[in-house]
Trainee: 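Quick one: structure below, then a few questions.
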Amino acid sequence: MTGQEVERRALLTPVLLLLLAERQGHGYELVQRLGAFGCEDADHAHVYRLLRGMESRGAVTSHWRASESGPARRVYAITQQGAMNLALWFVRLGDLHGTLHLFLERYVQLEDVGGRAGHDGGSPRAGAGPPDRARPPDHAHPPDHAHPPDHAHPPGHERPPDHIRRMRK
C-alpha cells in the first residue's frame with residue numbers, strides 16, 4: 001500500500017460520516033460516492049468493516065431495505081453521535097488544513113530545495129524559485145481576496161475554508 005493510499009484510507013471514517021450526513025445510503029453506493037474524494041479504488045470490504053464498526057460505536061445505524069431489482073440492501077444513516085463525531089473531525093481536519101497550508105506556503109518560499117542551488121553550493125541565480133515540479137497545485141494558493149483580514153473573525157471563530165463553506169450550502 002502506498003503512502004497516498006494509507007493517507008486516503010485514514011480519511012475514510014470522516015468522509016463516510018460526511019456522506020451519510022448529506023444523505024443515507026447503502027454500502028455500494030457509499031463506495032461509489034467516495035470517488036469524489038479520490039477514493040474511487042477504496043477496498044469495499046474495508047468500507048463495510050468501517051461501517052459496521054461505526055454502527056457498533058453508535059455513530060451510524062442501518063436497516064434492511066427491499067430492492068425492486070436484486071437482494072435487499074443494508075442502508076446506513078448517521079446518528080446524533082455520528083454527527084457529533086463528524087463535528088470533531090471537522091475541527092481536527094481544520095487544524096490539519098492550517099498546518100498543511102503553512103507547510104505549502106513555506107515550501108514554495110524555499111530558494112534551494114535539497115541543496116541543488118548550483119555546482120558551487122551557493123544560492124540559486126537571482127529570482128529563481130523552486131523548479132516547477134516542486135510547486136504545489138494552484139489550489140494550494142488561494143488568491144488574497146479569498147481570505148478575509150485577520151480581524152474579520154474573532155479568535156477561535158475563523159472562517160472555514162472555501163471547500164467547507166461550499167459543502168454547507
Side-chain angles (χ1 to χ4, degrees), residues 1-108 113-114 130-143 146-147 156-169:
M1 187 177 305
T2 68
Q4 186 176 19
E5 290 169 333
V6 170
E7 292 164 355
R8 294 220 188 270
R9 194 173 194 169
L11 291 174
L12 285 177
T13 295
V15 171
L16 285 168
L17 287 171
L18 176 66
L19 293 175
L20 291 170
E22 291 173 342
R23 70 175 189 271
Q24 63 182 357
H26 58 83
Y28 181 76
E29 176 198 359
L30 291 167
V31 170
Q32 298 303 307
R33 291 167 57 197
L34 285 170
F37 291 87
C39 302
E40 53 275 336
D41 295 331
D43 177 38
H44 290 62
H46 180 66
V47 171
Y48 286 109
R49 280 192 301 275
L50 284 174
L51 288 166
R52 284 192 303 272
M54 287 190 283
E55 186 170 22
S56 70
R57 290 186 301 279
V60 302
T61 187
S62 70
H63 64 275
W64 288 98
R65 180 180 294 160
S67 172
E68 293 179 12
S69 61
R73 296 178 181 182
R74 184 181 293 264
V75 177
Y76 294 89
I78 194 167
T79 64
Q80 188 64 34
Q81 178 64 47
M84 290 189 316
N85 292 351
L86 179 58
L88 291 173
W89 274 107
F90 174 81
V91 171
R92 281 190 226 139
L93 292 174
D95 290 344
L96 180 59
H97 177 267
T99 301
L100 292 173
H101 183 75
L102 177 62
F103 173 86
L104 295 172
E105 285 294 319
R106 290 180 67 169
Y107 181 82
V108 297
V113 179
D132 286 341
R133 65 178 160 64
R135 294 191 186 281
D138 288 339
H139 69 274
H141 299 287
H147 298 289
H157 298 281
E158 288 77 18
R159 181 176 172 182
D162 291 341
H163 65 281
I164 299 297
R165 289 196 318 281
R166 284 192 299 272
M167 289 188 305
R168 290 180 176 171
K169 291 182 180 179

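Along the sequence shown, residues carry numbers from 1. Because only heavy atoms are used, hydrogens play no part in the values below, and waters and symmetry mates are left out as well, while side chains stay in.
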Trainee: Which distance, rounded to the nearest 0.5 Å, do you find between the CG of Leu86 and the CG of Leu20?
Mentor: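 That separation rounds to 9.5 Å.
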
Trainee: For His46 and Arg9, which I'm curious about, is there any donor-acceptor pair between the side chains at under 3.5 Å?
Mentor: yes

Trainee: Rounded to the nearest 0.5 Å, how far does CD of Glu7 lie from OG1 of Thr2?
Mentor: 8.0 Å

Trainee: Using 30° and 60° as the class limits, which term best fits the ring planes of Tyr48 and His44: parallel, tilted or perpendicular?
Mentor: tilted

Trainee: Heavy atoms, side chains only, cut-off 4.5 Å: are Leu93 and Pro14 in contact?
Mentor: yes

Trainee: Would Leu19 and Glu22 count as a side chain to side chain contact (heavy atoms under 4.5 Å, CB included) here? Give the steps.
Mentor: CA-CA 5 Å; Leu19 293 175; Glu22 291 173 342; 3.7 Å; yes

Trainee: So which heavy atom on Val47 is nearest to which on Ala42, and how close?
Mentor: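 So the two residues come closest at CG2-CB, 4.1 Å.
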
Trainee: Do Arg74 side-chain atoms and Gly27 backbone N/O form a donor-acceptor pair below 3.5 Å?
Mentor: no

Trainee: In the structure I gave you, are the side-chain heavy atoms of Phe37 and Leu11 within less than 4.5 Å of one another anywhere?
Mentor: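 Heavy-atom side-chain distance check fails, nothing below 4.5 Å.
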
Trainee: Could you give the distance from CG (Leu51) to NE2 (His26), rounded to the nearest 0.5 Å?
Mentor: 12.0 Å

Trainee: Taking all non-hydrogen atoms of both residues, which atom of Gln24 and which atom of Ala77 are closest, and how far apart?
Mentor: OE1-CB, 3.8 Å

Trainee: Check whether any side-chain N or O of Ser67 sits under 3.5 Å from a backbone N or O of Ala72 as a donor-acceptor pair, and report yes or no.
Mentor: no

Trainee: Apply the test side chain to side chain contact (heavy atoms under 4.5 Å, CB included) to residues Arg49 and Asp43: give CA-CA distance (whole Å), side-chain angles for both, the deciding distance (0.1 Å), then the verdict.
Mentor: CA-CA 10 Å; Arg49 280 192 301 275; Asp43 177 38; 4.0 Å; yes

Trainee: How about Leu34 and Leu30: do any of their side-chain heavy atoms sit closer than 4.5 Å?
Mentor: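 Leu34 vs Leu30: side chains apart.
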
Trainee: Which value, rounded to the nearest 0.5 Å, describes the distance between Arg8 atom CZ and Asp41 atom CG?
Mentor: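 Reported value, rounded in 0.5 Å steps: 10.0 Å.
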
Trainee: To the nearest 0.5 Å, how far apart are CG in Leu18 and OG1 in Thr13?
Mentor: 12.5 Å

Trainee: Under a 4.0 Å N-O cut-off, is there an ion pair linking Glu29 with Arg33?
Mentor: yes

Trainee: To the nearest 0.5 Å, what is the distance between NE2 (His101) and NE2 (His97)?
Mentor: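 One gets 7.0 Å once the value is rounded to the nearest 0.5 Å.
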
Trainee: Does Tyr76 form a side chain to side chain contact (heavy atoms under 4.5 Å, CB included) with Leu16? I'd like the steps, not just the answer.
Mentor: CA-CA 10 Å; Tyr76 294 89; Leu16 285 168; over 6 Å; no

Trainee: Checking Asn85 against Ile78 for the side chain to side chain contact (heavy atoms under 4.5 Å, CB included) test, could you report, in this order, the C-alpha distance in whole Å, the side-chain angles of both residues, the deciding distance, and whether it holds?
Mentor: CA-CA 10 Å; Asn85 292 351; Ile78 194 167; over 6 Å; no

